[in-house]
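First comes the structure, then the notes that go with it.
In each ligand, atom 1 is the first atom listed, and ligand 1 is the first ligand listed. Side chains included, hydrogens not; waters and symmetry mates left out as well; all remaining heavy atoms used.
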Amino acid sequence: MIISGISVQELAEKYGTPLYVYDFSRIHENAQRLKTAFRSDDVSVDFYYAMKANCHPAILDVFVEEGYGMDCVSPGELKLALQAGVKPENILYTGNYESHDDLKAAFDSGAKINLDDISTLYRLLKIGTPEMITYRINPGKGKGKYEEITTGGDKAKFGVPYEKAVTAYKNAIDAGIKRFGAHMMTGSGVLDADHFPNMLELFLNELGEISSELGINFEFIDMGGGLGIPYFGDGETLDIEKVGKNTLNIFRKKVMELKLGNPTLALEPGRYLVGDTGIMVSRVTGIKEGYRTFIGIDAGFNTLIRSALYGAQHSIIIDGKENEAPSITADICGQICENTDIFAKDRMLPLTEEGDLAVFTQAGAYGNVMSMPYNLRFRPAEVAVVDGKDKLITRREVFDDYMSRIQTL
Ligand SMILES: Cc1ncc(COP(=O)(O)O)c(C=O)c1O
């Protein structure tokens with residue numbers, strides 16, 4: 001297998017496994033494709049990169065270069081975005097059950113603050129009164145690839161329920177705040193192009209009611225992220241041109257019809273921008289013929305947790321055997337002492353042997369950022385491929401990294 005002109009075999013030998021490899025030219029391509037799909041002469045559109053998807057500073061640099069702002073969810077992300085040179089006004093801080101310290105960091109940074117709850121405003125006001133406030137509104141509906149990543153609707157822990165949104169903004173008006181934004185993020189991994197304009201229409205109708213009841217305008221309306229990429233077994237890629245065209249059309253129409261003023265449309269995708277730019281390379285450690293056939297690899301949910309967390313299925317390529325017909329059916333397992341450390345069940349594969357490389361595609365988003373040293377198996381290295389050259393961008397974690405934080409009694 002070749003990534004941007006470099007053989008995965010070579011990279012595995014040079015840097016060891018498990019290993020994340022990112023194709024930087026693809027990150028640029030994704031960033032540009034999205035901007036093109038949402039290009040408009042009459043609607044101003046802001047793009048924020050949801051850095052939770054992959055916050056490596058080298059990746060943030062790409063988005064800064066491409067003119068993206070950042071969607072941050074913690075003081076750590078905020079600090080890194082500022083260090084990457086993002087201007088505070090181009091950062092949207094969306095907290096969730098924010099502590100006093102979180103709110104203080106957001107307030108002090110000058111970023112736009114997006115509150116997740118009606119009560120949080122009062123805690124923020126004890127720190128200071130921001131010029132502008134945004135609420136993450138839960139419009140009462142959501143859609144995600146899995147229930148676990150559906151972040152709108154009555155089961156989601158996120159956002160101010162739509163029914164309470166008027167009160168939330170009224171409280172902000174009463175506190176002397178004069179500028180407002182509105183935000184939703186209702187689910188991740190959606191491949192249905194119609195979902196985005198439909199969801200936005202519902203949201204704009206809700207915002208129309210808030211706006212007419214309180215006499216306020218929203219400076220920006222953020223439709224969240226959620227743009228999906230196909231994983232194992234999924235069909236076509238998301239038709240991003242259709243998403244852009246239909247979303248802009250509904251935005252224009254509804255903003256005019258509901259007299260919403262002249263808001264900017266904002267998007268904050270993560271997965272769509274980096275998901276298909278990364279692979280996770282692991283090595284087959286053994287094949288066990290037990291009650292089932294198990295293929296063991298030197299990665300696990302400690303390196304890529306998506307399968308254990310919500311059953312996500314990655315395509316797994318046995319390097320060098322891409323063109324061989326499947327001849328075995330096996331479960332692909334990690335080394336972690338948990339029975340949930342299984343990446344795939346009953347996966348059909350070419351004849352796989354100890355020492356083969358098992359390459360997980362679509363691993364650029366929510367991959368290494370969620371890794372952990374459980375079982376004292378340490379976090380993988382990360383390599384960037386830029387202009388046909390590989391460069392180590394995160395060294396492999398080692399035992400001493402872990403011990404450096406430990407104090408004995
Ligand atoms: C507030 C917020 N914005 C954006 C995103 C990015 O979502 P996605 O990677 O699906 O685009 C998330 C993901 O959970 C989120 O919570």
Side-chain angles (χ1 to χ4, degrees), residues 27 30-31 33-34 37-38 46-56 59-60 63 68-74 76-78 81 90-98 102 106 111-117 120 134-139 142-153 155-160 181-193 195-196 199-200 203 220-231 234 237-238 240 243-244 247 265-278 305-306 309-310 312 362-370:
I27 307 178
N30 289 348
R33 189 182 328 102
L34 185 69
F38 277 83
D46 281 343
F47 300 91
Y48 297 88
Y49 168 54
M51 61 185 281
K52 63 183 78 65
N54 191 327
C55 62
H56 194 288
I59 291 181
L60 301 193
F63 289 104
Y68 279 60
M70 293 289 154
D71 156 44
C72 300
V73 294
S74 69
E77 286 195 356
L78 198 50
N90 295 330
I91 297 178
L92 183 64
Y93 183 90
T94 298
N96 189 226
Y97 306 97
E98 306 93 326
D102 293 351
K112 289 184 269 205
I113 301 178
N114 185 24
L115 297 179
D116 185 67
D117 184 33
T120 321
T134 301
Y135 285 102
R136 175 175 185 164
I137 298 169
N138 180 338
K143 178 168 169 166
K145 174 150 188 197
Y146 307 106
E147 198 184 320
E148 293 88 339
I149 53 173
T150 299
T151 51
K155 292 197 184 71
K157 70 165 182 158
F158 298 99
V160 177
H183 173 277
M184 68 167 172
M185 168 64 203
T186 59
S188 189
V190 180
L191 285 168
D192 168 16
H195 165 74
F196 298 94
M199 196 70 216
L200 184 64
F203 191 45
F220 70 94
I221 295 171
D222 187 329
M223 57 183 274
L227 303 166
I229 57 167
Y231 289 89
D234 290 336
T237 53
L238 177 65
I240 198 69
V243 174
T247 301
L265 174 66
L267 286 90
E268 50 182 49
R271 187 186 312 278
Y272 182 80
L273 296 168
V274 292
D276 70 355
T277 70
I305 202 172
R306 299 188 61 257
L309 200 56
Y310 32 73
Q362 320 293 77
Y366 308 107
N368 195 43
V369 281
M370 289 189 177

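Residue E148 places its CD atom among more than 12 non-hydrogen atoms of other residues, nucleotides or ligands, all under 6.0 Å distant.
Of all protein heavy atoms, the one lying nearest to atom 10 (O) of ligand 1 is S188 OG, 2.4 Å. For atom 15 (C) of ligand 1, the closest heavy atom belonging to the protein is K52 NZ, 3.2 Å. Distance from atom 4 (C) of ligand 1 to its nearest protein heavy atom, with residue and atom name: E268 O, 3.2 Å.
Between Y366 and ligand 1, a contact under 3.5 Å exists for at least one N or O pair. Close N/O approach between G270 and ligand 1 is found [any backbone or side-chain N/O within under 3.5 Å]. Taking distance alone, with nitrogen or oxygen atoms compared against 3.5 Å, D71 approaches ligand 1 more closely than that limit.
Here is the list of ligand 1 atoms found below 4.0 Å of a heavy atom in G225: 11 (O). The contact set between ligand 1 and R271, taken as ligand atoms under 4.0 Å from a residue heavy atom, comprises 8 (P), 9 (O), 11 (O). Each of the following atoms of ligand 1 lies closer than 4.0 Å to a heavy atom of R136: 1 (C). Listed by atom number, the atoms of ligand 1 under 4.0 Å from A50 heavy atoms are 4 (C), 5 (C), 6 (C).
At a 4.0 Å heavy-atom cut-off, ligand 1 does not touch F158 at all.
For A53, the side-chain contact (heavy atoms from CB on, under 4.5 Å) partners are Y49, V274, A365, Y366, not counting sequence neighbours. Looking at residues two or more places apart in sequence or on another chain, you find no salt bridge (charged side-chain N to carboxylate O under 4.0 Å, His left out) involving D46.
No side-chain donor-acceptor contact under 3.5 Å links D116 to the backbone of F158.
A salt bridge does not link D222 to R136: none of the charged nitrogens lies less than 4.0 Å from a carboxylate oxygen.
Residue contact check for ligand 1: G226 places a non-hydrogen atom closer than 4.0 Å to it.
Taking the ring centre of Y48 as origin, the terminal cationic atom of K112 falls outside the region bounded by 6.0 Å and 45° from the ring axis.
Side-chain contact, T94 with N114: a donor N or O sits under 3.5 Å from an acceptor N or O.
The OG1 atom of T150 lies 9.5 Å from the NZ atom of K155; values are rounded to the nearest 0.5 Å.
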